[in-house]
Amino acid sequence: MFLVAGIHSITTVSKVSVKAGGSISIPCLYEPEYTHHVKHLCKGSNWGSRSCKVKTDQPDSSGKFSISDDKQQRIFTVTINNLMMDDTDYWCVVEINDLKSDVKLFQLSVTGGWPQLFVDHQEITGFNGEDVTIHGSYSNTGEIEWCRLGRSCVKEPSGSIDGTRVTINANVPKVFTVTMSGLRTESSGWYFCTKGLLQMPVHVTVKERPSTSKDHSTIIKCSAVNICHVQPLVKVSFIIPLSLLIFILMVASFIWFMLRRHSKSILSFHESNHQYLDCF
């Protein structure tokens, strides 16, 4: 396989700080014309000495490496497990043909202690129209940025990416948060935070909030003989006012009935007295 000179169609992070023994996922964005091409992860300090560890058409049996290809987003993701001190130089590779490939180098800074740039979760899920917050810490210097892979970046304190509001808060030393507000389905994808020379990728998934969280829904219950019935699911906060309303209506109906009966009794008594007086 030979490198295609002058072609730079892969976008990824450049350097990530990681902890020995842990794992890291790295996204690699490629051009539309390479959607159905084979992708690789290779290891080596230079391209001439690389060794390819996993391919999209050839899984790694050791469990050390994995690769997946999201053709819709045009991003293939490589995961390296059980990180060791020599896990430093890797290449995202798109195979163009039997003789040509496009490549992009990324580096890992493996440490036995706490990473210099760290986030609490590399995978985070939010709901349409709501907010999501990423928590991180750092020990290096430099400006904090939040970027979408292959697109724009936001610097502290705030901005927007593809219509989603981004707020960066780094008021507490060595700690920061990134809040994405007004999430949309299109907000799903790979992002990364940058601090100085380091980056840390984060995948954000945006979903519709499950319908069971609404006031009215249904539960389908099935017996052992597969006889099912639909039972409405109503919040307790709705059941209590409804029960109280029914009770009030029952009491009001009883009072109305008693008053009506009493009125009829009084009318009947007056009519009887009137008839009695007419006799005289």
Side-chain angles (χ1 to χ4, degrees), residues 10-29 40-47 49-51 53-54 60 63-68 75-93 103-124 132-157 161 166-180 189-205:
I10 299 176
T11 302
T12 188
V13 293
S14 57
K15 191 171 186 179
V16 180
S17 180
V18 292
K19 186 175 182 178
S23 62
I24 188 69
S25 293
I26 303 293
C28 306
L29 174 68
H40 308 224
L41 172 67
C42 298
K43 181 179 181 180
S45 58
N46 60 73
W47 181 244
S49 63
R50 90 276 181 193
S51 60
K53 300 299 182 181
V54 64
D60 171 48
K64 169 81 172 178
F65 306 96
S66 64
I67 187 170
S68 62
I75 295 176
F76 69 95
T77 304
V78 296
T79 300
I80 307 168
N81 300 306
N82 190 26
L83 290 161
M84 304 179 71
M85 292 298 181
D86 65 344
D87 285 319
T88 54
D89 301 293
Y90 284 92
W91 302 81
C92 293
V93 181
V103 304
K104 187 72 172 183
L105 174 70
F106 67 87
Q107 295 181 309
L108 302 180
S109 175
V110 186
T111 175
W114 203 253
Q116 287 185 288
L117 180 61
F118 172 82
V119 291
D120 55 353
H121 298 290
Q122 250 204 302
E123 296 271 349
I124 192 164
V132 72
T133 298
I134 297 91
H135 299 266
S137 63
Y138 61 89
S139 59
N140 61 329
T141 59
E143 191 173 25
I144 297 177
E145 290 185 317
W146 180 254
C147 307
R148 185 161 190 176
L149 186 66
R151 303 192 192 181
S152 58
C153 295
V154 169
K155 295 182 179 180
E156 188 183 355
I161 298 177
V166 176
T167 304
I168 302 171
N169 187 332
N171 293 331
V172 179
K174 307 299 182 183
V175 174
F176 70 93
T177 62
V178 176
T179 300
M180 298 176 64
W190 277 100
Y191 297 79
F192 61 93
C193 56
T194 296
K195 176 73 172 174
L197 299 177
L198 298 175
Q199 298 91 38
M200 175 55 69
V202 176
H203 188 267
V204 177
T205 302

Notebook entry, point to check: Do Ile124 and Thr205 touch side chain to side chain, with heavy atoms closer than 4.5 Å?
Noted result: no
Note to self: Taking the side chain as everything from C-beta on, heavy atoms only, tell me whether Ile24 gets closer than 4.5 Å to Met200.
What the structure shows: yes
Next item on the list: Decide yes or no on side chain to side chain contact (heavy atoms under 4.5 Å, CB included) for Asp89 and Leu105, but give the supporting numbers first.
Entry: CA-CA 7 Å; Asp89 301 293; Leu105 174 70; 4.2 Å; yes
Notebook entry, point to check: Shortest non-hydrogen contact from Gln116 to Leu198?
Noted result: CB-CD1, 3.5 Å
Check: About how many Å separate OG of Ser45 and CH2 of Trp91, when rounded to the nearest 0.5 Å?
Finding: 8.5 Å
Margin query: For a quick test of reading the model, state the closest non-hydrogen atom pair linking Phe76 to Cys92 and the distance between them.
Written below: CZ-CB, 3.7 Å
Item checked: Ser17 vs Trp114 side-chain heavy atoms within contact, under 4.5 Å -> no
Cut-off 3.5 Å, no hydrogens considered: what does the side-chain donor-acceptor table look like for residues 145-157, sequence neighbours left out?
from	atom 1	to	atom 2	distance (Å)
Arg148	NH1	Asp162	OD2	3.2
Arg148	NH1	Glu186	O	3.0
Arg148	NH2	Glu186	O	3.3
Arg148	NH2	Ser188	O	2.6
Arg151	NH1	Asp162	OD2	2.6

Notebook entry, point to check: What pairs with Asp86 under side-chain contact (heavy atoms from CB on, under 4.5 Å), at least two apart in sequence or on another chain?
Noted result: Lys43, Met84
Compile the donor-acceptor pairs under 3.5 Å between side chains in residues 173-180 and protein atoms, sequence neighbours left out, one pair per line.
from	atom 1	to	atom 2	distance (Å)
Thr179	OG1	Thr133	OG1	3.0

Next item on the list: Would you sort out whether Tyr138 and Cys193 count as a side chain to side chain contact (heavy atoms under 4.5 Å, CB included), showing the intermediate values?
Entry: CA-CA 11 Å; Tyr138 61 89; Cys193 56; over 6 Å; no
Next item on the list: Output, in order, the C-alpha distance, side-chain angles, deciding distance and verdict of side chain to side chain contact (heavy atoms under 4.5 Å, CB included) for Cys28 and Lys104.
Entry: CA-CA 9 Å; Cys28 306; Lys104 187 72 172 183; over 6 Å; no
Margin query: Once rounded to the nearest 0.5 Å, what's the spacing between atom NZ of Lys53 and atom SG of Cys42?
Written below: 9.0 Å
Margin query: My understanding is that only residues two or more places apart in sequence, or in another chain, count here; which of them pass side-chain contact (heavy atoms from CB on, under 4.5 Å) with Thr88?
Written below: none
Check: Tell me, do Ile80 and Leu108 make a side-chain contact under 4.5 Å, heavy atoms counted?
Finding: yes
Check: If every non-hydrogen atom of Ile26 is compared with every non-hydrogen atom of Pro201, which pair is closest and at what distance?
Finding: CD1-CG, 4.1 Å
Margin query: Among residues at least two apart in sequence or on other chains, which ones pass salt bridge (charged side-chain N to carboxylate O under 4.0 Å, His left out) with Lys64?
Written below: Asp87
Notebook entry, point to check: Roughly how far apart are Ile168 CD1 and Glu143 CD, rounded to 0.5 Å?
Noted result: 8.5 Å
Notebook entry, point to check: Which atoms form the tightest heavy-atom contact between Asn140 and Lys195, and what is the distance?
Noted result: ND2-O, 2.7 Å
Checklist line | Residue pair Thr111 / Met85: nearest heavy atoms and the distance that separates them | finding: C-CE, 4.0 Å
Checklist line | Selection residues 75-85 - residue pairs positive for side chain to side chain donor-acceptor pair (under 3.5 Å), sequence neighbours left out | finding: Ser25-Thr79, Thr77-Trp190
Note to self: I'd like to know whether Asp60 forms a side chain to side chain contact (heavy atoms under 4.5 Å, CB included) with Leu41, so could you lay out the CA-CA distance, the side-chain angles of the two residues, the decisive distance to 0.1 Å, and finally the verdict.
What the structure shows: CA-CA 11 Å; Asp60 171 48; Leu41 172 67; over 6 Å; no
Notebook entry, point to check: Where do Lys19 and Val110 come nearest, in terms of heavy atoms and distance?
Noted result: C-CG1, 4.4 Å
Checklist line | Any side-chain heavy-atom pair of Phe106 and Val16 under 4.5 Å | finding: no
Item checked: Atom pair CG (Leu29) and OG1 (Thr12), whose distance is rounded to the nearest 0.5 Å -> 9.0 Å
Next item on the list: Check the surroundings of atom CG in Leu197: do more than 12 heavy atoms from other residues, nucleotides or ligands lie under 6.0 Å from it?
Entry: no
Notebook entry, point to check: Hey, what do you get for CD1 (Ile161) to OH (Tyr191), rounding to the nearest 0.5 Å?
Noted result: 6.5 Å
